[in-house]
Number of protein chains: 2
Amino acid sequence: MSLIEGEFLRGAGPVAVLKLLERGEMYGYEIVEALEKRTDGVLAMGQSTLYPMLYNLEAKGFVVARWDESGPRPRKYYRLTPDGKKRLAEDTRTWRRLTAAMGALGLARTPEAVYA
Amino acid sequence: MSLIEGEFLRGAGPVAVLKLLERGEMYGYEIVEALEKRTDGVLAMGQSTLYPMLYNLEAKGFVVARWDESGPRPRKYYRLTPDGKKRLAEDTRTWRRLTAAMGALGLARTPEAVYA
DNA sequence: ACCACATACTATACGGCGCATAGTATGCAG
DNA sequence: CTGCATACTATGCGCCGTATAGTATGTGGT
């Protein structure tokens, strides 16, 4: 599963997904793999975590889905809505404030690791 | 309340509390104020968030409590247990991996803000 | 030809925890 | 003496991670 303990993922997970979708539409399974690879396994999450998360983001109007039947197997592509873009911008600011606050408590990673 | 949206606090809250207690024992109300001041309001949390969190950390054996009746009003002081120190060390590593992963997705704060 | 594995999505249910709300009680300041 | 700060306790709602289970098709190996 993920290297990240459950509760950490609550805040970070949805933001990470929205951030991925900023580049263009993706389908669920693709997102699972992208998170695994792009974050070196740290933000890897099972299907049972991602799919409900997508349904949730859709219910909140942050993403919309589209079925694609042209391939060998049907895929459900998700993309950001304008509300989703707003949400991503807000969450990005929140995330940065949070990392700054945690840093103020002495929990920041070492400076030389910033561009890890 | 907090500047941090609820879900972000799930992972960060307990770690922040453990980190504060690393310096020495503190009582609940003091922790609420310290988080407010030391993180510029970002990690501020209400009593209704902190006290149950402390009970929870205690139930897990990460902190122990001691009543102090010497002051004008009774205070319940909490301090880290050996298990709590281990947990803090683990969570610190987890937190750093998480920020690195989020950074890899383009969600890091700008480098010049690292020492904010 | 067959079997295992990867792909891709859906459904259900449990449990943990943030947080709102409410309540108790003492000290201090105007 | 009235109100605000201090300091802790108790209860319950609701969200969401995630374990588990189920369905179904494509693909690679022997």
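Order of the sequence lines fixes the chain letters, A, B, ..., with proteins taken first and strands second; residue numbering starts at 1 for each chain.
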Original post:
Do any of residues 22-34 of chain B sit with a heavy atom less than 4.0 Å from DNA chain C, and if so which?
Top reply: none
Table please: side-chain donor-acceptor pairs of residues 11-23 of chain A below 3.5 Å, with sequence neighbours left out.
| from | atom 1 | to | atom 2 | distance (Å) |
| --- | --- | --- | --- | --- |
| A:Lys19 | NZ | A:Glu22 | OE1 | 3.0 |

**OP:** Send over the distance from A:Leu50 CG to C:dA8 C1', rounded to a whole Å.
**Re:** 12 Å
Subject >> N or O in side chain of A:Thr49 less than 4.0 angstrom from D:dG17 OP1/OP2 >> reply: no
**OP:** Not counting sequence neighbours, which residues clear salt bridge (Lys or Arg N to Asp or Glu O under 4.0 Å) with A:Lys76? List them please.
**Re:** none
Original post:
CG/A:Leu9 to CD/B:Glu7 distance, rounded to the nearest 0.5 angstrom?
Top reply: 11.0 Å
Subject >> Interatomic distance, B:Leu43 CG vs C:dC19 C1' [rounded to whole Å] >> reply: 15 Å
Subject >> Partners passing salt bridge (Lys or Arg N to Asp or Glu O under 4.0 Å) against B:Lys60 (at least two apart in sequence or in another chain) >> reply: none
Original post:
What is the distance from CE of A:Met53 to P of D:dG17, rounded to the nearest Å?
Top reply: 4 Å
At a cut-off of 3.5 Å, list every protein nitrogen or oxygen paired with a nitrogen or oxygen from nucleotides 20-24 of chain D, distance to 0.1 Å.
none

Original post:
Under 4.5 Å between any side-chain heavy atoms of B:Thr92 and B:Trp95, yes or no?
Top reply: no
**OP:** Using a cut-off of strictly less than 4.0 Å, decide whether B:Arg75 has a side-chain nitrogen or oxygen near OP1 or OP2 of D:dA7.
**Re:** yes
Original post:
Atom CG of A:Leu98 and atom CE of A:Met102: how far apart are they, to the nearest 0.5 Å?
Top reply: 6.0 Å
Subject >> Strand contacts (DNA chain C) in residues 57-66 of chain A, 4.0 angstrom heavy-atom criterion >> reply: none
Original post:
Under 4.0 Å: is that the gap between some side-chain N or O of A:Tyr51 and OP1 or OP2 of C:dT10?
Top reply: no
**OP:** Mind calculating the distance between CG (A:Leu9) and P (C:dG16) to the nearest angstrom?
**Re:** 18 Å
Original post:
Residues in side-chain hydrogen bond (donor to acceptor under 3.5 Å, both in side chains) with B:Asp68, at least two apart?
Top reply: B:Ser70
Subject >> Main-chain N/O of A:Ala108 paired to B:Arg96 side chain as donor or acceptor, under 3.5 Å >> reply: yes
Original post:
Tell me, which of residues 11-19 of chain A have any heavy atom that sits under 4.0 Å from an atom in DNA chain C?
Top reply: none
Original post:
With a non-hydrogen cut-off below 4.0 angstrom, is A:Pro74 in contact with a base, only sugar-phosphate, or nothing?
Top reply: sugar-phosphate
Original post:
So how far is it from A:Leu57 CG to A:Thr81 OG1, rounded to the nearest 0.5 Å?
Top reply: 9.5 Å
Original post:
What ring-ring contact (aromatic ring centres under 6.0 Å, His included) pairs are there with at least one residue in residues 62-81 of chain A, not counting sequence neighbours?
Top reply: A:Tyr27-A:Tyr77
Original post:
Please give, in whole Å, the distance from D:dC15 P to A:Glu7 CD?
Top reply: 16 Å
**OP:** Grab the NZ-C1' distance between A:Lys76 and C:dA11 for me, whole Å please.
**Re:** 12 Å
**OP:** Kindly point out which of D:dC15, D:dT18, C:dC9 is positioned nearest to the side chain of A:Arg10?
**Re:** D:dC15
Subject >> Nucleotide D:dT18, atom C1' - distance to CG of A:Leu54 in whole Å >> reply: 15 Å
**OP:** Kindly compute the distance separating CG (A:Asp40) from CZ (B:Arg97), expressed to the nearest 0.5 Å.
**Re:** 10.5 Å
Subject >> Listed once per pair and sorted, the salt bridge (Lys or Arg N to Asp or Glu O under 4.0 Å) pairs that draw on residues 24-35 of chain A, sequence neighbours left out >> reply: A:Glu25-A:Arg66
**OP:** Return the set of residues passing salt bridge (Lys or Arg N to Asp or Glu O under 4.0 Å) with B:Glu58 (not counting sequence neighbours), or none when no residue passes.
**Re:** none
Subject >> Interatomic distance where CZ belongs to B:Phe8 and C1' belongs to D:dG17 [whole Å] >> reply: 15 Å
Distance-only donor-acceptor hits, side chain of residues 43-52 of chain B, under 3.5 Å, sequence neighbours excluded:
| from | atom 1 | to | atom 2 | distance (Å) |
| --- | --- | --- | --- | --- |
| B:Tyr51 | OH | B:Tyr29 | N | 3.4 |

